Amino acid sequence: MKTSLLTCLLTTTLATALTGLAADPPQPKFRAQDIDTAVSIGYGIAIADVDGDGKPDIILADQKTVQWYHNPDWKKHVIAENLTPQDNVCVAAQDIDGDGKCEIAVGAGWNPGDTVNSGAVFYLIPPADRTQKWTPVKLHHEPTVHRMHWVKNPAGKWELIVKPLHGKGNKGGEGVGGRVLAYSMPADPKAEWQTSVVSDFMHLAHNFQPINWDNDPEHELLIGGKEGVWFFGRSTGEWKKRQFTDQLTGEVRDGKLPGGNRFIATIEPMHGTTAAFYRQPAKGKALWPRQVLDDTLKDGHAVAVSDVLGIGSDQVIIGWRGMNPKGVPGVRLFTPLDADGTKWRTSELSGAEVAIEDLKAADLNGDGKPDLILAGRQTKNLRILWNETGK
């Protein structure tokens with residue numbers, strides 16, 4: 001009996017060492033709740049504490065409005081309307097001054113066919129009652145403003161990074177590269193904001209992700225576009241770049257495998273059909289090895305990476321909207337089953353009920369489990385998938 005038990009323990013230990021997993025990961029379990037069924041498009045989601053009550057709220061850049069939903073009653077508060085004649089397209093929210101309440105920036109003027117005059121960037125100044133309308137401050141912008149994030153600079157201060165889809169005057173994804181800009185907020189946010197160029201060579205750059213892989217004060221960036229995924233860092237003060245992949249990439253997020261190595265999850269090409277996974281190579285300067293997770297997406301439009309299963313490493317959540325090409329939308333969870341991500345399990349989380357325009361992962365109720373927040377375009381809804389894995 002003792003020999004048998006020892007053999008069992010040794011076998012289990014060896015299996016864990018080889019796979020990075022002590023057992024098969026649990027199956028995901030989520031409970032759906034629609035908190036808004038009158039969304040126009042649901043362009044962009046941000047998660048942050050708006051009113052300083054210690055709970056993360058949901059901020060949505062909808063077609064003509066910007067609103068936030070109060071946690072936990074999810075009451076909707078419209079804080080900006082009709083910033084431009086065109087649509088809003090993105091939003092970024094972050095507590096940048098440490099008062100427990102987030103600051104909000106919005107990208108608008110969305111017209112990707114106009115690569116000369118489109119686009120707008122606004123910083124919103126909150127009133128004392130943050131449920132009321134905020135004052136928009138219009139900032140400098142490049143054409144086709146598309147995505148934005150608050151990012152820490154080498155001094156540990158927050159800057160707003162704004163990325164256009166196209167370069168100025170581009171036609172068919174050809175021409176000069178898009179100018180990704182870093183905005184520094186002055187003491188008076190109504191004064192002129194200083195800008196600096198992060199990147200100016202990429203085309204069809206749909207999305208990007210702030211990262212911090214070396215635990216220094218500043219964030220680095222992953223930017224995906226026609227030229228693949230590129231890493232941008234500025235530990236020396238100047239932005240320097242390094243190529244990680246060479247496939248036209250629409251969405252990009254980073255994560256950690258069970259074995260501890262980093263990976264990148266993408267949707268390829270822009271609005272594409274393929275969910276891909278890139279494993280960090282042994283030599284940092286080589287292109288990262290590519291592995292296809294799924295090539296059946298219809299109009300892939302969002303990626304989140306988070307440990308929703310609570311296993312100590314990350315999973316990939318992919319969302320698509322089924323708009324062009326036409327198809328049934330959905331959300332899938334991809335779980336690595338070994339240390340290096342050579343084997344993955346696919347789980348269906350959502351289907352036709354949400355046509356994914358954007359999705360985020362965040363723990364909304366403080367139970368330690370990331371929930372999923374989905375914005376549906378054709379389905380006109382904002383939905384929370386409450387994480388009940390393990391119950």
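It should be emphasised that the depicted structure is a prediction, and the values quoted were computed from it without experimental measurement. All values below were derived from every heavy atom in this structure, side-chain atoms included, with hydrogens, water molecules and symmetry-related copies excluded.
- Under the 3.5 Å distance criterion, the side-chain polar atoms of H141 are matched with a main-chain donor or acceptor of G119.
- Exactly one of D358, D371, D36, D34 qualifies for a salt bridge (charged side-chain N to carboxylate O under 4.0 Å, His left out) with R383. That residue is D34.
- With W288 as reference, F244 is the one residue of F263, Y278, F244 to meet the ring-ring contact (aromatic ring centres under 6.0 Å, His included) rule.
- Using modelled atom types, no side-chain atom of D57 and backbone atom of H70 make a donor-acceptor pair closer than 3.5 Å.
- A donor-acceptor contact shorter than 3.5 Å links the side chain of T249 to the backbone of Q247.
- T379 OG1 to E357 CD: the interatomic distance, rounded to the nearest 0.5 Å, is 10.0 Å.
- The side chain to side chain donor-acceptor pair (under 3.5 Å) test applied to R31 returns E388, not counting sequence neighbours.
- When all heavy atoms of A191 and P186 are compared, the pair lying nearest together is O-CG, 3.8 Å.
- Using the six-membered ring where Trp is involved, W68 and H77 have ring planes that are tilted, between 30° and 60° apart.
- Between the side chain of T84 and the main chain of A108, no donor-acceptor pair closer than 3.5 Å is present.
- Of all the heavy atoms in P217 and P154, the pair that sits closest is CB-O, 3.8 Å.
- Taking the salt bridge (Lys or Arg N to Asp or Glu O under 4.0 Å) definition, one finds that K133 meets it with E81, sequence neighbours left out.
- In this structure, V91 is a member of the same hydrophobic cluster as I79, with clusters built from ILVMFWY side-chain heavy atoms closer than 4.5 Å.
- Taking Ile, Leu, Val, Met, Phe, Trp and Tyr as members and joining any whose side-chain heavy atoms lie under 4.5 Å apart, directly or through other members, the hydrophobic cluster of I223 also contains V151, I161, V180, V198, F201, M202, F208, L221, W230, F232, W239.
- Through direct or indirect side-chain contacts shorter than 4.5 Å among Ile, Leu, Val, Met, Phe, Trp and Tyr, V39 is connected to I35, I45, I47, I58, L60, Y69, W74, L364, I373, L382, I384, W386.
- A donor atom on one side chain and an acceptor atom on the other are found under 3.5 Å apart for D307 and Q315.
- A distance-only check finds a donor-acceptor pair linking the side chain of D363 to the backbone of G368 [under 3.5 Å].
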Worksheet item: What's the verdict on side chain to side chain contact (heavy atoms under 4.5 Å, CB included) for V331 and V354, showing C-alpha distance, side-chain angles and the deciding distance?
Response: CA-CA 8 Å; V331 179; V354 188; 5.9 Å; no
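- Closest approach of W134 to P127, counting heavy atoms only: CD1-CD, 3.5 Å.
- For R234, the salt bridge (Lys or Arg N to Asp or Glu O under 4.0 Å) partners two or more places apart in sequence, or in a different chain, are E159.
- Using a cutoff of 4.0 Å between basic side-chain nitrogens and carboxylate oxygens, E268 and R290 are scored as salt-bridged.
- Taken from CG in N170 to CG in L165, the straight-line distance is 9.0 Å, to the nearest 0.5 Å.
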Discussion item. Apply side chain to side chain contact (heavy atoms under 4.5 Å, CB included) to residues D97 and E103 and explain how you reach the verdict.
Written reply: CA-CA 8 Å; D97 59 8; E103 281 66 43; 3.4 Å; yes
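- Among all heavy-atom pairs drawn from G100 and D95, the shortest one is N-OD2, 2.9 Å.
- Put simply, V316 and W320 are part of the same group of oily side chains (I, L, V, M, F, W, Y) that touch within less than 4.5 Å, one to the next.
- Residues F334 and V305 are members of one and the same hydrophobic cluster, defined by side-chain heavy-atom contacts under 4.5 angstrom among Ile, Leu, Val, Met, Phe, Trp and Tyr.
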Practice prompt. Start with the C-alpha gap between T389 and V308, add the side-chain angles, then the distance that decides, and say whether side chain to side chain contact (heavy atoms under 4.5 Å, CB included) holds.
Written response: CA-CA 8 Å; T389 303; V308 298; 5.9 Å; no
Item to complete: Apply the test side chain to side chain contact (heavy atoms under 4.5 Å, CB included) to residues D246 and L287: give CA-CA distance (whole Å), side-chain angles for both, the deciding distance (0.1 Å), then the verdict.
Response: CA-CA 8 Å; D246 59 4; L287 290 182; 3.8 Å; yes
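- Taken together through direct or relayed side-chain contacts under 4.5 Å among Ile, Leu, Val, Met, Phe, Trp and Tyr, V303 and M270 form parts of separate hydrophobic clusters.
- Neither V229 nor I267 shares a network with the other; the hydrophobic side chains, linked directly or stepwise wherever heavy atoms of I, L, V, M, F, W or Y lie under 4.5 Å apart, form separate groups for each.
- In terms of modelled atom types and a separation under 3.5 Å, the side chain of R279 and the main chain of D340 share a donor-acceptor contact.
- The salt bridge (Lys or Arg N to Asp or Glu O under 4.0 Å) check on D51 picks up nothing, with sequence neighbours excluded.
- Not counting sequence neighbours, the partners of P269 by the side-chain contact (heavy atoms from CB on, under 4.5 Å) test are L248.
- Taken to the nearest 0.5 Å, the OG1 atom of T266 stands 11.5 Å off from the CZ atom of R253.
- Side chain of D114 to backbone of N117: a donor-acceptor contact under 3.5 angstrom is found.
- The number of heavy-atom neighbours closer than 6.0 Å to CD of E192, taken from other residues, nucleotides and ligands shown, is 12 or below.
- Residue K226 qualifies as enclosed at atom NZ: its count of foreign heavy atoms under 6.0 Å is above 12.
- Using a distance-only test at 3.5 Å, with no hydrogens or angles considered, no donor-acceptor pair links the side chain of E227 to the main chain of G225.
- Only one option out of H301, E251, H146 pairs with N207 in a side-chain hydrogen bond (donor to acceptor under 3.5 Å, both in side chains); it is E251.
- Listed by first and then second residue, the salt bridge (Lys or Arg N to Asp or Glu O under 4.0 Å) pairs involving residues 176-187 are E142-R179 (not counting sequence neighbours).
- Among residue pairs with one or both ends in residues 213-224, those qualifying as side-chain hydrogen bond (donor to acceptor under 3.5 Å, both in side chains) are W213-D254; sequence neighbours excluded.
- Pairing each heavy atom of R130 with each of V50, the nearest pair is NH1-O, 2.9 Å.
- Within a 6.0 Å sphere centred on NZ of K298, heavy atoms belonging to other residues, nucleotides or ligands number 12 at most.
- S118 contributes no side-chain N or O that, together with a main-chain N or O of P112, makes up a donor-acceptor pair within less than 3.5 Å.
- Residues that satisfy the salt bridge (Lys or Arg N to Asp or Glu O under 4.0 Å) test with K64, not counting sequence neighbours, are D87.
- The side-chain contact (heavy atoms from CB on, under 4.5 Å) search around A93 returns A46, A48, I59, C102, I104, not counting sequence neighbours.
- The two residues S313 and K256 have their closest heavy-atom pair at CB-O, 3.7 Å.
- When hydrophobic side chains of Ile, Leu, Val, Met, Phe, Trp and Tyr are connected at separations under 4.5 Å, L139 ends up clustered with I96, V121, Y123, I125, V137, V145, M148, W150, W158, L160, V162, L181, Y183, M185, W193, V197.
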